[in-house]
*Asks:* 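Take this structure, written in structure tokens, and hold onto it; I'll ask about it next.
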Amino acid sequence: MENLYSLTAHALKELMKKDGLNPSKISEDVFGRIEAVDGRVKAIVRVNKSKFSNTKSSGKLSGIPILIKDNICVKDEETTCASKILEGFRPPYDATVVKKLEEAGAVLIGKANMDEFAFGSSCETSCYGPTKNPWDLGRIPGGSSGGSAAAVAADETILALGSDTGGSIRQPAALCGVVGLKPTYGRVSRYGLIAFASSLDQIGPITKDVEDAALLLGVIAGHDEMDSTSVDIPVPDYTKSLVKDVKGMRVGVPKEYFIKGIDKEVDEAVKKAIGLLKSLGAKVAEISLPHTEYAVSAYYIVGPAEASSNLARFDGVQYGLRADRPEDMIDMYVKTRSKGFGDEAKRRILLGTYCLSTGYYDAYYLKAQKIRTRIKEDFESAFKACDCIITPTTPSPAFKIGEKTNDPLSMYLSDIFTIPANLAGIPAISIPCGFSKDGLPIGLQILAKPFDEETIFRAAYTFEQSTEYHKRKPEL
Amino acid sequence: MSAYETVIGLEVHLQLATNTKAFCGCSTKFGAEPNSHACPVCLGFPGSLPVLNEQAFLFSVKVALALDCKIQGLVKFDRKNYYYPDLPKNFQISQYDMPLSYNGSLEITVKDKTRKRIRIKRVHLEEDAGKLIHPEGKPYSLVDYNRSGIPLLEIVTEPDINSPDEAYEYLTKLKSILEYLRVSDCDMEKGSLRCDANISIRPRGANKLGTKVELKNMNTFKGVRSALEYEAKRQESILEDKGEIAQETRLWNAEKQITTSMRTKEEAQDYRYFPEPDLVPFVVDKDLIRQARESLPELPEAKLNRFVKDFGLSEYDAGVLISQIDIADYFEECAKGYPNRKTISNWITGEVMAVLNDKFIGIKDLKLLPRGLTELLKMIDEGAVSGKMAKAIFAEAAETGADPKEIAEKRGLSQISDRKLIEEMAERVIKREMKTVNDYRAGKSNALAFLIGQIMKESRGKANPALASEILKSKLGGG
């Protein structure tokens, strides 16, 4: 028999139902796997043995292990955002998604590594050190949800939660060869997600296949009165969208996404994938999203601006790190924040503070918001002519550890294809669509209208069930 | 008249008396154990999110309507960013470029009884900060977050106020309206109502406004007036000496009765306002505004007019009665049970308010209820007690809340109004005091008072003096 840890949630559910598989066997098996490989992958920052036995046996995810990104609050469990400044912080409350997972019977096995406060695309800004890509331990897993994606790829968990502000679920999912979905803004409650950029952040699933993503989204989605930005729209049964059929589906391919500088193997894999969908009956047409080129610039104003305000609370007054023997109040702030934040966090706080300052607000923040509106309008008009849009998830496969750490601009460009969905608030998934010559995974991004995750699942499921990429496993 | 004109704008911060805080479910009750009314949201814990309290919004709308403001069609919140340990998120949820309401006004009565319209620039909703406590001699400070997140309404005037007295009048009037709306306890001592002032002076007739100074730390309306008086003089003497007024924030020192510089313009903070992304802007429901408008209570102005018209009170008396909603209510309750409104008014503005001022209590804390007061007034009318006795009975009833009739009986304060008894006494007095009787008949005016005094003596002070006078006159004939 296959190892339990390598299976999907839906396969394990089947085994529990039909063969009477004891759910504690799954946890044990997963824990063994973590012990065997995490020393090399370093995807998990804290294993949580105490929560290994969720006794609720009737839920949709009963007995299924799930790894939580370390910026999502779990009551009384250390939650640090991979930052020194939150060392020892144990929130006295659960994030809404955590409550929902526990209700559904999921087993919360621990916390996943990430870029500090989700600032990064490589997991290298974590205060715990980088996570490695299971396909090539010399390479980055992507970020910021790099720990979640690497753990799923390395079979250290069955499911994982990530958060996506500019691509932080989809980019690492692509680079690790797994499925990652950023839901529509407002689809999943952000209560208990430690904010990076409140108007862009969204929690979403990272899984081994599309069916698991649909299953997990169905559990965590829904209106939450604790989050004013969550939207009160009924949650459909996403598993009903798992239909292997795209006949007549109108697929838009934006010309702005196939730019100079995109890796040749990525370009080929994505075009091949589009060809496959076409052969399965999808109506493919080229479309234009004319403001795409401004997305990264707008994002690096809106994101840091909100972050500079969201991160102001980490000041040493109430929780987390407080510098020793400050001379006075200001000194306490300065020393605590200087010591607690890493370079990238400081860079973004400075950038955001600058953009919001008197005299610069109109030129930067306001302008960025206008671009954001344009990008949203681009998608609105595109979706009049198509049901979904297909693009590469990333411009290249996983790069080497340390390759871009001294070049933030080139690092920022690795999110060039994922950022527009966050600015527009629309849902987008990344699924495996090929491998490079070096055996590195390549991701395909599928985007749809707000609250139309169903179309995404249908297209993604059809592609996945017609290919074998999702079945390939890294050798560890 | 001074060669300078004073220009003042006021900023009032009002804590709304909602059951729960502005963006979470914590209690707003004053005086609780430090940090006992706090949760992840009002402590600004990471991952927590604000949700607007509907009652806070409704209270704000009521105030806006009472001040004749326009209501914004779209309600939006902004973040005001600054670092201070009493501000748990290091930003305050407030409203910046789109205040909840704007362009209102409030009419005040100024010198020589003319009316003056003070324009209200904006009324906006925000959250209060916590409170720092500095234990004496300790190298640390403590923070109490009970106040953090209490809904706070900021009411800002245009610079339409031209003297410290006008400022005082505006504040008094505003407070009275706010009390009528029952949206706040308006208690400056508890900090539920706070006031900052902007003041500048300019040569009379000048168009350009002078450099403004912001005044903080005034804890009473009188303090606001004194601070403004001091500051106007200070600025005048600077201009007289050909000096330049610095744009700065100054603190009022009530003990020394002076203002001192707190920070200059250069030190002023850049608050980096931007839209609060955690609260979705929402369109104001027109029906809700209509309902709020319909549910507005009678405001002081209208009540004053009604008291004058319906109860025949003087404008002055009515003005005193309506100055506090609770006093006006007390009066109206009395008026239901006693026909002579002028008498009620006299008692409330006299005896009752004297007791309130004496004891520093509100009329709600007065033990003597309206029914007791009207009962006492009826006893006077019936001649059961004299005016003097009534005052003694009132004093005790105000203290204990006991029934005036019972007090009168217990203390033997009831008046003798039995005609036969007084006639007997009068006859004895007339026989005994023949000389004075003769004086009276000879036209000596104070003789009657002496004879009445003798009857009072006979009755140990209990005879009804009016009745005694009447009986004496009829027995002595003429007079």
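By convention in this document, chain letters (A, B, ...) are assigned in the order of the sequence lines, proteins followed by strands, and residues within each chain are numbered from 1. No hydrogens, no waters, no symmetry mates; every other heavy atom, side chains included, goes into these values.
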*Asks:* Is there a side-chain contact between B/Pro46 and A/Phe314, using heavy atoms and a 4.5 Å cut-off?
*Replies:*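 With C-beta onward as the side chain, the pair touches.
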*Asks:* Hey, which of B/Tyr271, B/Tyr273, B/Tyr145 has the most heavy atom pairs under 4.5 Å with chain A?
*Replies:*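 Highest number of heavy-atom pairs under 4.5 Å: B/Tyr145.
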*Asks:* Are side-chain heavy atoms of B/Arg272 and A/Ser357 found at a separation under 4.5 Å?
*Replies:*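 SC-SC contact between B/Arg272 and A/Ser357 confirmed.
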*Asks:* Is A/Glu306 in contact with chain B via its backbone, its side chain, both, or neither, using a 4.5 Å heavy-atom distance?
*Replies:*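 Both parts, backbone and side chain.
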*Asks:* Centroid-to-centroid, B/Phe45 to A/Phe89, below 6.0 Å?
*Replies:*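 Centroid separation for B/Phe45 and A/Phe89: below 6.0 Å.
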*Asks:* Where on A/Gln369 is there a heavy atom nearer than 4.5 Å to chain B: the side chain, the backbone, both, or neither?
*Replies:*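 The answer is neither part of A/Gln369.
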*Asks:* Can you tell me which portion of B/Leu43 sits under 4.5 Å from chain A's heavy atoms? Options are side chain, backbone, both or neither.
*Replies:*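 Interface part for B/Leu43: both.
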*Asks:* Need one label for A/Tyr354: side chain, backbone, both or neither, based on atoms under 4.5 Å from any heavy atom in chain B.
*Replies:*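 Looking at A/Tyr354, nothing touches chain B.
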*Asks:* Which bit of A/Asn310 is near chain B, if near means a heavy-atom gap under 4.5 Å: side chain, backbone, both or neither?
*Replies:*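 Both the backbone and the side chain of A/Asn310 come within 4.5 Å of chain B.
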*Asks:* Is it true that B/Tyr83 and A/Tyr333 have ring centroids separated by less than 6.0 Å?
*Replies:*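 Ring centroids of B/Tyr83 and A/Tyr333 are less than 6.0 Å from each other.
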*Asks:* Against chain B, label A/Ser189 side chain, backbone, both or neither, depending on which of its atoms sit under 4.5 Å from a heavy atom there.
*Replies:*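 No part of A/Ser189 comes within 4.5 Å of chain B.
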*Asks:* Under 4.5 Å heavy-atom distance to chain A, tell me which part of B/Pro139 shows up: side chain, backbone, both or neither.
*Replies:*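 Neither part, no heavy atoms under 4.5 Å.
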*Asks:* Keeping the roles fixed (side chain from A/Thr229, backbone from B/Pro277), state whether a donor-acceptor pair exists under 3.5 Å.
*Replies:*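 Pair absent, no side-chain N/O of A/Thr229 close to backbone of B/Pro277.
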*Asks:* Sort B/Tyr140 into side chain, backbone, both or neither according to what part of it lies under 4.5 angstrom from a heavy atom of chain A.
*Replies:*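 Neither; nothing under 4.5 Å.
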*Asks:* Quick one: which of A/Leu193, A/Ile330, A/Asp328, A/Ile72 has the most heavy-atom pairs under 4.5 Å with chain B, could you say?
*Replies:*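 Greatest number of close heavy-atom pairs with chain B: A/Leu193.
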*Asks:* For residues A/Met226 and B/Cys24, determine if any side-chain heavy atom of one lies less than 4.5 Å from a side-chain heavy atom of the other.
*Replies:*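 In short, these two side chains do not touch, never coming nearer than 4.5 Å.
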*Asks:* Starting at OG1 of A/Thr353, measure out to CG of B/Asp270 and round the result to the nearest 0.5 Å.
*Replies:*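 One finds 10.0 Å between OG1 of A/Thr353 and CG of B/Asp270.
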*Asks:* If you take all heavy atoms of A/Tyr93 and B/Ser48, which pair is closest and at what distance?
*Replies:*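 Scanning both residues, the minimum pair turns out to be OH-N, 4.3 Å.
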*Asks:* Which answer fits B/Asp278, side chain, backbone, both or neither, if we ask what part of it has an atom under 4.5 Å from a heavy atom of chain A?
*Replies:*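 Contact with chain A: backbone and side chain both.
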*Asks:* Is A/Pro91 in contact with chain B via its backbone, its side chain, both, or neither, using a 4.5 Å heavy-atom distance?
*Replies:*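 Neither part.
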*Asks:* Using side-chain heavy atoms (C-beta onward) and a distance below 4.5 Å, is B/Leu132 in contact with A/Met329?
*Replies:*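 Not in contact.
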*Asks:* Would you say the side chain of B/Phe274 lies within less than 4.5 Å of the side chain of A/Cys355, judging by non-hydrogen atoms?
*Replies:*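 A side-chain contact under 4.5 Å is absent here.
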*Asks:* Which one wins on heavy-atom pair count under 4.5 Å against chain A: B/Gly44, B/Pro88, B/Ser141?
*Replies:*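 With the most close heavy-atom pairs to chain A, the winner is B/Gly44.
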*Asks:* Evaluate the side-chain proximity of A/Tyr191 to B/Pro40: yes if any heavy-atom separation is below 4.5 Å, no if none is.
*Replies:*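 A side-chain contact exists here, since the closest heavy-atom pair is under 4.5 Å.
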*Asks:* With rounding to the nearest 0.5 angstrom, report the OG to CG distance, A/Ser309 to B/Asn81.
*Replies:*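 Separation between the atoms: 4.0 Å.
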*Asks:* Quick check: do B/Val51 and A/Glu225 have side-chain heavy atoms less than 4.5 Å from each other?
*Replies:*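 With C-beta onward as the side chain, the pair stays apart.
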*Asks:* I'd like to verify something: which residue of A/Leu366, A/Thr358, A/Leu200 has the highest number of heavy-atom pairs under 4.5 Å with chain B?
*Replies:*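 Of the candidates given, the most pairs with chain B belong to A/Thr358.
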*Asks:* Verify side chain to side chain contact (heavy atoms under 4.5 Å, CB included) between B/Glu276 and A/Ser199, making sure each step is shown before the conclusion.
*Replies:* CA-CA 9 Å; B/Glu276 164 59 283; A/Ser199 74; over 6 Å; no
*Asks:* Could you have a look at B/Val41, B/Val280, B/Leu87 and say which one has the most heavy-atom pairs with chain A under 4.5 angstrom?
*Replies:*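 Counting heavy-atom pairs under 4.5 Å, the top option is B/Val280.
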